[in-house]
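Each residue takes its place number in the sequence, starting with 1. Reckoned from all heavy atoms, side chains included, excluding hydrogens, waters and symmetry mates.
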Amino acid sequence: MDKPASAPTLFVRGLLNPAFPALIFLMFLAIALGLQYGIEKQDRSQIHTNLNNKAESMANRLEREFMVHADAISRMAKRFEAEPEMPREVWERDARNYLSDFGVYQAVEWIDRNFIVRWIEPFEGNEDAVGYNVAFSPERQASLEEAQTTGNLDISGVIDLKQGGRGIVIYAPIFKGDANNGFVAGVFQMGTLARELLTSNALESFRINIGEGGESAYELNSSTDTDPEFSHTVDIELPTIDWTLTVTPSVSWVEEQQSRWPFVTFIVMLFMGLLTSLTTLLVQLILKRNQALLKTRRELDAEISQRQAVQQDLARLETTDTLTGLANRRFFMEDLAHTLSIADRQMRQAALVMIDLDRFQTLNDSLGHQFGDELLIKVAQRLNGLSDERVMVAYSGGDEFMVCQQHVDDIDDVIHLLGQIKQCFEEPFLVQGEEHGITATMGVAVYPQSGLDADTLLRNADVALYRAKEQGRNTYQFYTEGMQEREVKRLELDKDLNHALANDEFVLYFQPQLDLNDSSINSVEALIRWQHPRRGLLPPVDFIPLAEESGRITDIGRWVVMAACRQLAKWQNGPYANLRIAVNLSGRELDDESIVEHIQEALEANGVSADRLEVELTEEIFIQNIEHNLNQLTKLHKLGVHLAIDDFGVGYSSLGYLRDFPVDLLKIDRSFITEVTRRHDDAVITRAVINLAHNLGIQVVAEGVETPEQLNFLKNHRCDLIQGYLISRPIPAAELEKALSAGLLNVDTPVGS
Ligand code: C2E
Ligand code: CA
Ligand code: CA
């Protein structure tokens, strides 16, 4: 719903309405018209006034002149009264004088008392008038008779003159009453009167009408183009006659009188209106543009803040690992660099701990990536519990985590942190409804001893981690001088390992196992060696972990099985046909689904019976990934291959699996045998293991037997087989054959060096 607009908003909207400039223009137009009308009205009234004045003055002049002329006629009549016997010539001379003095008159007459014209001056042209009776109508007669009686002037009014045209006759009686001796009369034409009496300019500019008794008696300039609006009529005060003077100005006179102000005002106002509305239009455009700009600005602002939010999200994502929610490697490294510079300034130490989850790869491969991801999340959660302002935890990728510890004053601080990390792995992790015990191996590099910059520190922590892994899992290792060299060597070896198989650089050495029951040798353990082109003969510890890490162990394992089978085939029909070969399989090798088929193929390809082959697996393989391994081992067992548990007694306390797996042989780890004659614990354990195995129908091998004392102990406790330097070191097949045929392999004469 739209909210109601506020008053100012409405005002602004009104201002911005497109009709607004037009409205302004119309307003100005109205004002212009009004002003024009007003000024014009005033103008016209001024013209009227001017015309009135003109007409009045004309009328006054007419009256005055008329009276002057009338007086002249009266004076002539008086002269007649004074000289009744005036001879005609004298009268005529007087009359001529009058005519020349008073130009209006056309003629002067003497009319006898019977109203007959007797004399007339000038005579020429007026001959017809002589003898004319001027009392041509009863009205005229009555009027003349009254003048005779009263002695007053009589004026004829405008009449048709005997001489032609229209004119007026003024009659001045000579003596009144019975003594009356007729009249002296002045005749003039109206045109002459008007022309003589009115100024010439008036004549040009006006139509002049003389009205008598309400009717037009005479009109001058009737052809003039006039403006009837401005006609003005005034009364003319004359004895006995009732005249009006109507003055009608010519169009040109009116135009002359008219001022230009109304027009100018109109135009000016119109122009102002146009200007104002154009200005308004302009202002509107500017305002609209401004509004559009403001809107764009607002939209831009919104977009900018949106982008900033996105950027913040991105920045957060860039610093965080999406799976674990921990800081990612990149961010960790940036922070580490920063931490190191602070540590440098404060003369303090800082520690970088690389954490690698033991057996993670195995779990991930066998239980699936989903499982792996969930496990990583759980581990991340626990590790993150350690983070505070001095400890930063990050996920490095794969199964590796990194921890940076600031403000390290001495090495105990780091040891304490390592203990805390170890504690995180004490409780099993609940993943996909099952508990999984996981351990971690750690490599530690301390600034500044183990590296002066973040990258070096990281590399060295990695080296230390690798060393820790070599020493067995679930432990930690600090980086020390010399590790770097080993690391370089390791990397080189890793490179060389690429070609070792193709170049056929691996060899199998064999170490015999002595049967204590009858002092016979029925089995040998195949132990791999690498005949390195530059480094010489390398023991498995130098390359097996490398191969496990890179995955090359699978191919190497297949080669070992194949080589063992070939050896068995060679011995098959000779004096050593009784020998069984035990091969070592690492956990990674057993993960390979096709390992069982491969073993079967190798046996078949060499025509070797399966019970000639034994597979040694470390104890932990039986614990991890039980279902999968049980399946593989059962298949192997069904083939007829013997199964041995290698390095028994190390690390794992649960013995339950011995019941479930089809195990033939158990190899007590060398670590128990070494001190079996000196350490009571080891003796107890060894005895217990032998008894336990025998109870389960499993034979026991003791590894690493080096002394006759150890041999005696084992013999006394009914150990089935012994293996160790006391009998023989691992030796090549040819040497083994020689020793066997020479009967050297017994407890008295150890073989190999
Ligand atoms: P392992 O399976 O426990 O092999 C026994 C190791 O103990 C051998 O070391 C052997 O030389 C050594 N040994 C035997 N008797 C004595 C003794 O009296 N005293 C002492 N101090 N040592 C003795 P080696 O050959 O260096 O092999 C080391 C490990 O490498 C083996 O331990 C095995 O886990 C692994 N390995 C060897 N060959 C292979 C192989 O073909 N495949 C795999 N996956 N691992 C192998
Ligand atoms: Ca072994
Ligand atoms: Ca062993």
Side-chain angles (χ1 to χ4, degrees), residues 52-82 91 94-111 120-121 134 139-140 142-159 161 163 165-176 180 182-203 206 208-220 232-247:
N52 281 3
N53 293 342
K54 205 85 189 173
E56 292 292 350
S57 82
M58 276 187 204
N60 286 344
R61 193 182 159 103
L62 198 68
E63 281 165 13
R64 231 174 24 246
E65 289 297 316
F66 196 91
M67 288 319 293
V68 168
H69 281 74
D71 283 351
I73 294 296
S74 292
R75 273 201 309 280
M76 246 188 115
K78 287 280 184 282
R79 248 181 81 77
F80 228 126
E81 280 178 13
W91 181 88
D94 277 358
R96 270 200 301 277
N97 286 340
Y98 271 98
L99 283 172
S100 73
D101 284 351
F102 300 96
V104 170
Y105 289 119
Q106 231 179 342
V108 178
E109 296 167 344
W110 174 59
I111 299 163
I120 191 159
E121 183 61 32
V134 295
E139 292 90 42
R140 286 295 330 127
S143 177
L144 285 168
E145 279 169 357
E146 193 184 327
Q148 279 178 323
T149 317
T150 59
N152 290 337
L153 283 175
D154 176 51
I155 300 167
S156 69
V158 181
I159 53 169
L161 293 177
Q163 292 86 345
R166 284 176 72 76
I168 293 174
V169 184
I170 301 173
Y171 300 93
I174 307 165
F175 296 119
K176 63 180 175 183
N180 177 262
F183 304 85
V184 174
V187 180
F188 53 86
Q189 282 198 314
M190 285 306 289
T192 315
L193 174 77
R195 263 192 297 281
E196 288 294 316
L197 298 190
L198 302 173
T199 57
S200 59
N201 86 15
L203 290 175
F206 302 97
I208 291 161
N209 187 290
I210 292 174
E212 193 181 40
E215 280 174 37
S216 170
Y218 173 77
E219 192 163 68
L220 186 69
H232 193 75
T233 303
V234 287
D235 290 330
I236 302 176
E237 306 292 330
L238 286 176
T240 76
I241 51 171
D242 172 23
W243 274 7
T244 54
L245 179 72
T246 302
V247 181

Quick check against the 3.5 Å criterion: does Asn180 have a side-chain atom that pairs as donor or acceptor with the backbone of Ile174? yes
Atom pairs and distances, donor-acceptor, side-chain atoms in residues 97-107, under 3.5 Å, two or more places apart:
{"unit_1": "Ser100", "atom_1": "OG", "unit_2": "Asn97", "atom_2": "O", "d": "3.0"}
{"unit_1": "Tyr105", "atom_1": "OH", "unit_2": "His69", "atom_2": "O", "d": "2.6"}

Considering all heavy atoms of both residues, which atom of Trp91 and which atom of Glu109 are nearest to each other, and what is their separation? CZ2-C, 3.6 Å
Output for pair (Glu63 CD, Glu56 CD), nearest 0.5 Å, gives 9.0 Å
What pair of heavy atoms forms the shortest contact from Phe80 to Trp110, and how long is it? CE1-CD1, 3.7 Å
Can you tell me how far CH2 of Trp243 sits from OG1 of Thr233, rounded to the nearest 0.5 angstrom? 15.0 Å
What's the spacing between Glu212 CD and Asp242 CG if we round to 0.5 Å? 8.0 Å
For the student: nearest non-hydrogen atoms of Leu245 and Met58, plus distance: CD2-CB, 3.6 Å
Of all heavy-atom pairs linking Ile73 and Ile170, the shortest is CG2-O, 3.9 Å
Rounded at 0.5 Å granularity, tell me how far CG in Asn209 sits from CD in Glu215. 11.0 Å
Closest heavy-atom contact between Ala147 and Pro173? O-CG, 3.5 Å
Under 3.5 Å donor-acceptor, Thr150 side chain and Glu146 backbone: yes
Min side-chain heavy-atom separation Phe66-Ile236 under 4.5 Å: no
May I have all residue pairs that pass side-chain hydrogen bond (donor to acceptor under 3.5 Å, both in side chains) and include part of residues 71-81, sequence neighbours excluded? Arg79-Asp94
What residue among Val134, Ile168, Leu144 forms side chain to side chain contact (heavy atoms under 4.5 Å, CB included) with Ser156? Ile168
Ignoring hydrogens, what is the shortest heavy-atom contact between Ala55 and Val234? Give both atom names and the distance. O-CG2, 3.7 Å
